[in-house]
There are 2 protein chains.
Amino acid sequence: MSSMSGELRQAFLAADVRPTVQRYAVLHYLARNRVHATAEEIFREVNRRDPRASRATVYNSLKSLARAGLVREVVSDGKAARFDASLHPHHHFVCERCGEVEDVAWFELPAGKAPLGARQVRSFEVVFRGVCEKCAAAQSLTGETE
Amino acid sequence: MSSMSGELRQAFLAADVRPTVQRYAVLHYLARNRVHATAEEIFREVNRRDPRASRATVYNSLKSLARAGLVREVVSDGKAARFDASLHPHHHFVCERCGEVEDVAWFELPAGKAPLGARQVRSFEVVFRGVCEKCAAAQSLTGETE
DNA sequence: GCGCTAAGTTAGACTTATTCTAGATTTACA
DNA sequence: TGTAAATCTAGAATAAGTCTAACTTAGCGC
Ligand SMILES: [Mn+2]
Ligand SMILES: [Mn+2]
Ligand SMILES: [Zn+2]
Ligand SMILES: [Zn+2]
């Protein structure tokens, strides 16, 4: 199948990932829906009206795309892994009430802060936890005991 | 069962967690073995010679202990959740080759760095990824193509 | 101590998440 | 085109975690 948009196709080739309809569908969904979707959600949406990829292929695609850096797996809390079309580096905020994972603009760590010894750091991410804006609002309306 | 060491017992009571043999066994294992164990590992080790807790109870205990702050769940990559007897705050380093999760000494984020808006941040953690010291050594011995 | 009640535990069934398998299909490239 | 390697598929298999209903135990007042 060669009906893939030229631009995306280049991205795949540049990243040394064979362009296939399935991989394209997965990446396309993630790029359009910036919601930290689970593999299951991606599977469902990608096959909504038109079967495109089996479950195994969604997992395989996510793995290939992640290896190539076109997608990244974000921190998950025990439950299903969540994915992100990482166009730009950023950090995450996880709401302890509703479970939403929100983006936080990127910032560097001041050099020399982290005592990492001889480890080779390839990337890092700051994960914040707390109460998101929406939940905080709902909370202040209600009794708000806790 | 009231044969729990006085010190631990106080910790439980202070944290408002009912002291039970099972919870004690789980916490004790985590405190003695600083290895970011999975629930399954804890289950196996805790019951090694002497049955102490069912699988469900290990999960329940971890949940109670985590809620009370006596234990924390560390970032995991899709696979099984890992736990840590969090005696002191610290960050983590995940080796992309062997999967080990190592501790990184705590450091604060410079105030004002993170653009978090109206979110209520309760905690944060920096997760580093890369190659651990051991794997880096093994790698430089071998051909080391990748 | 004794007895009551709420909280906690258990084994095992169940659900959900992810990986594996073996055969069919597609891609890259000459 | 022709071919080999890579990828895809449905479904089986495995792993991780939750739930249930019956059975203890901890906490508390007498
Ligand atoms: Mn994100
Ligand atoms: Mn740790
Ligand atoms: Zn929220
Ligand atoms: Zn390593």
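- For the pair Tyr24(B) OH and dT25(D) P, the interatomic distance rounds to 19 Å; values are reported in whole Å.
- Every salt bridge (charged side-chain N to carboxylate O under 4.0 Å, His left out) that Arg48(B) has, sequence neighbours left out, goes to Glu45(B).
- We find that CZ of Arg18(B) is positioned 6 Å from C1' of dA6(C), with the value rounded to whole Å.
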- Task: Carefully, step by step, assess Lys134(A) and Glu102(A) under the rule salt bridge (Lys or Arg N to Asp or Glu O under 4.0 Å).
- Result: CA-CA 12 Å; Lys134(A) 200 150 69 175; Glu102(A) 300 178 341; over 6 Å; no
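- When the side-chain nitrogen and oxygen atoms of Lys63(B) are compared with OP1 and OP2 of dG17(D), none of them lie within a distance under 4.0 Å.
- Over its length, the helix from dG1(C)-dC30(D) to dA30(C)-dT1(D) turns its helix axis by 50°, as judged from the five terminal pairs at each end, rounded to 10°.
- DNA chain D is contacted by Ala56(B), Tyr59(B) of residues 54-61 of chain B, taking any non-hydrogen atom closer than 4.0 Å.
- Put simply, the side chain of Asn47(B) never gets that close to the backbone of Ser54(B): no donor and acceptor are under 3.5 Å apart.
- Phosphate proximity of dT25(D) to Gln22(B): absent, as no side-chain N or O sits under 4.0 Å from OP1 or OP2.
- In this structure, the side chain of Asp84(B) does not engage the main chain of His36(B) through any donor-acceptor pair within 3.5 Å.
- Asn33(B) is linked by a side chain to side chain contact (heavy atoms under 4.5 Å, CB included) to Tyr29(B), Val35(B), counting only residues two or more places apart in sequence or in another chain.
- One can place CG of Leu65(A) at 13 Å from C1' of dT7(D), the figure rounded to the nearest angstrom.
- The CG atom of Leu13(B) sits 7 Å away from the P atom of dG27(D) (whole-angstrom rounding).
- In this structure, Leu62(A) places its CG atom 15 Å from P of dT7(D), rounding to the nearest Å.
- Ring geometry for Phe128(B) against His91(B) counts as perpendicular: the plane angle is over 60°, on a 0 to 90° scale with 30° as the lower cut.
- Arg52(A) has its CZ atom 13 Å from the P atom of dT26(C), to the nearest Å.
- Note that the CG atom of Leu30(A) and the CG atom of Leu70(A) stand 11.0 Å from one another [nearest 0.5 Å].
- Between His92(A) and His90(A), the ring planes are perpendicular. Angles over 60° get that label, and only those under 30° would be called parallel.
- In this structure Glu41(B) satisfies the side chain to side chain contact (heavy atoms under 4.5 Å, CB included) test together with Ala37(B), Thr38(B), Arg44(B), Arg82(B), sequence neighbours excluded.
- The line from CZ of Arg129(B) to CZ of Phe93(B) is 10.0 Å long, rounded to the nearest 0.5 Å.
- Residues of residues 38-50 of chain A having a heavy atom closer than 4.0 Å to DNA chain C: none are found.
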- Take Val126(A) and Val104(A), measure what side chain to side chain contact (heavy atoms under 4.5 Å, CB included) needs, and give me the verdict at the end. CA-CA 9 Å; Val126(A) 184; Val104(A) 172; over 6 Å; no
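- When the side-chain nitrogen and oxygen atoms of Thr20(A) are compared with OP1 and OP2 of dC8(D), one or more of them lie within a distance under 4.0 Å.
- For Arg23(B), a side-chain nitrogen or oxygen approaches OP1 or OP2 of dG8(C) to under 4.0 Å.
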